[in-house]
Amino acid sequence: MPRTVRAGEQALIISKDGRSRIVEGPARIFVWPSEEFFMMRRFSATQQQYIAIKMRDGTLQHYPGPCVKFLNTLTMESVTVQNATALDANEVLVVYRYDDDKKTVSRRIQHGPSVYMPAADEWLHKFVWHGTDPNNKTKKVPGILKFTKLRVIPD
């Protein structure tokens, strides 16, 4: 049966014997009855975003935008588009990185102004502070303030 893969799209064709192939558009292809045809889902990231891909072997890959990736269900578990963190000149992030060779975690400060995209082995510190109760201004509530960007210059 003939199938059309349009420009900017990709398709995955899997044979009954387990072989697979990816077809990039534009293309007109013939799919045999012994083959399955799947259009691959497209993910695109802008300059302020990145694409996070979790592979079936457990590894994680990040691709800075602008870029386009397709979900290949044979090798990938999930694909998500994440927003990068925009930092003003008076803001910092606390970034942790796991070193697989040394089996240690290191910490660094990312200063603004910048747009920060974490590497696959990095994560951000999540601050959880006491804050004022919105219903009673004289009372403090534990853990009500949650944020990742830390202001270093007072307002």
Given side chains that start at C-beta, do those of [X] and [Y] come closer than 4.5 Å, heavy atoms only?
{"X": "Phe37", "Y": "Val23", "answer": "no"}
{"X": "Val94", "Y": "Arg107", "answer": "yes"}
{"X": "Pro113", "Y": "Asp88", "answer": "no"}
{"X": "Ile22", "Y": "Asn72", "answer": "yes"}
{"X": "Ile144", "Y": "Pro134", "answer": "yes"}
{"X": "Thr85", "Y": "Leu124", "answer": "yes"}
{"X": "Ile14", "Y": "Phe38", "answer": "yes"}
{"X": "His130", "Y": "Val141", "answer": "no"}

- prompt: Do the two ring centres, one from Phe147 and one from Trp129, sit under 6.0 Å apart?
  reply: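 Distance test on ring centres: under 6.0 Å, yes.
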Does atom [atom1] ([X]) have a neighbourhood of more than 12 heavy atoms from anything else shown, all under 6.0 Å?
{"X": "Trp32", "atom1": "CH2", "result": "no"}
{"X": "Gln61", "atom1": "CD", "result": "yes"}
{"X": "Arg41", "atom1": "CZ", "result": "no"}
{"X": "Arg28", "atom1": "CZ", "result": "yes"}

Calculate, to the nearest 0.5 Å, the distance between atoms [atom1] and [atom2] belonging to [X] and [Y] respectively.
{"X": "Met117", "Y": "Gln82", "atom1": "CE", "atom2": "CD", "result": "11.0 Å"}
{"X": "Arg56", "Y": "Leu74", "atom1": "CZ", "atom2": "CG", "result": "8.0 Å"}
{"X": "Glu36", "Y": "Leu12", "atom1": "CD", "atom2": "CG", "result": "9.5 Å"}
{"X": "Tyr63", "Y": "Lys69", "atom1": "OH", "atom2": "NZ", "result": "4.5 Å"}
{"X": "Leu93", "Y": "Leu150", "atom1": "CG", "atom2": "CG", "result": "9.0 Å"}
{"X": "Cys67", "Y": "Gln47", "atom1": "SG", "atom2": "CD", "result": "11.5 Å"}

- request: Could you please spell out the steps behind the side-chain contact (heavy atoms from CB on, under 4.5 Å) verdict for Lys140 and Thr132?
  value: CA-CA 5 Å; Lys140 293 289 183 183; Thr132 306; 3.4 Å; yes
Joint cluster assignment, [X] & [Y], ILVMFWY side-chain distance < 4.5 Å:
{"X": "Leu145", "Y": "Val92", "result": "yes"}
{"X": "Val68", "Y": "Ile51", "result": "no"}
{"X": "Tyr96", "Y": "Tyr98", "result": "yes"}

Which heavy atom of [X] sits nearest to which heavy atom of [Y], and what is that distance?
{"X": "Val5", "Y": "Glu24", "value": "CG1-C, 4.3 Å"}
{"X": "Glu91", "Y": "Val152", "value": "N-CG2, 4.4 Å"}
{"X": "Ala11", "Y": "Met39", "value": "CB-SD, 3.9 Å"}

- prompt: For the residue pair Tyr50 and His62, does the interplanar ring angle fall in the parallel (under 30°), tilted (30 to 60°) or perpendicular (over 60°) class?
  reply: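 Aromatic pair Tyr50/His62 classed tilted.
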query: Any donor and acceptor pair, going by atom type alone, linking the side chain of Arg97 with main-chain N or O of Ala119 inside 3.5 Å?
result: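 No; judged by distance alone, with no hydrogens or angles, the pair does not exist.
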message: Could you check whether any side-chain N or O of Lys103 sits under 3.5 Å from a backbone N or O of Asp100, counting only pairs where one atom can act as donor and the other as acceptor?
response: yes
query: Does the side-chain contact (heavy atoms from CB on, under 4.5 Å) test come out yes or no for Met55 and Thr75, once each step is laid out?
result: CA-CA 6 Å; Met55 305 301 283; Thr75 60; 4.2 Å; yes
Derivation and outcome, side-chain contact (heavy atoms from CB on, under 4.5 Å), residues Gln48 and Val115: CA-CA 7 Å; Gln48 302 295 319; Val115 176; 3.6 Å; yes
task: Check the pair Leu71, Phe43 against side-chain contact (heavy atoms from CB on, under 4.5 Å), reporting the backbone distance first and the verdict last.
output: CA-CA 8 Å; Leu71 175 61; Phe43 293 86; 3.9 Å; yes
Reference residue Tyr116; test side chain to side chain donor-acceptor pair (under 3.5 Å); the match among Gln110, Glu122, His111: Glu122
task: Please lay out, stage by stage, how Arg3 and Glu35 fare under the test salt bridge (Lys or Arg N to Asp or Glu O under 4.0 Å).
output: CA-CA 12 Å; Arg3 295 288 182 112; Glu35 295 177 320; over 6 Å; no
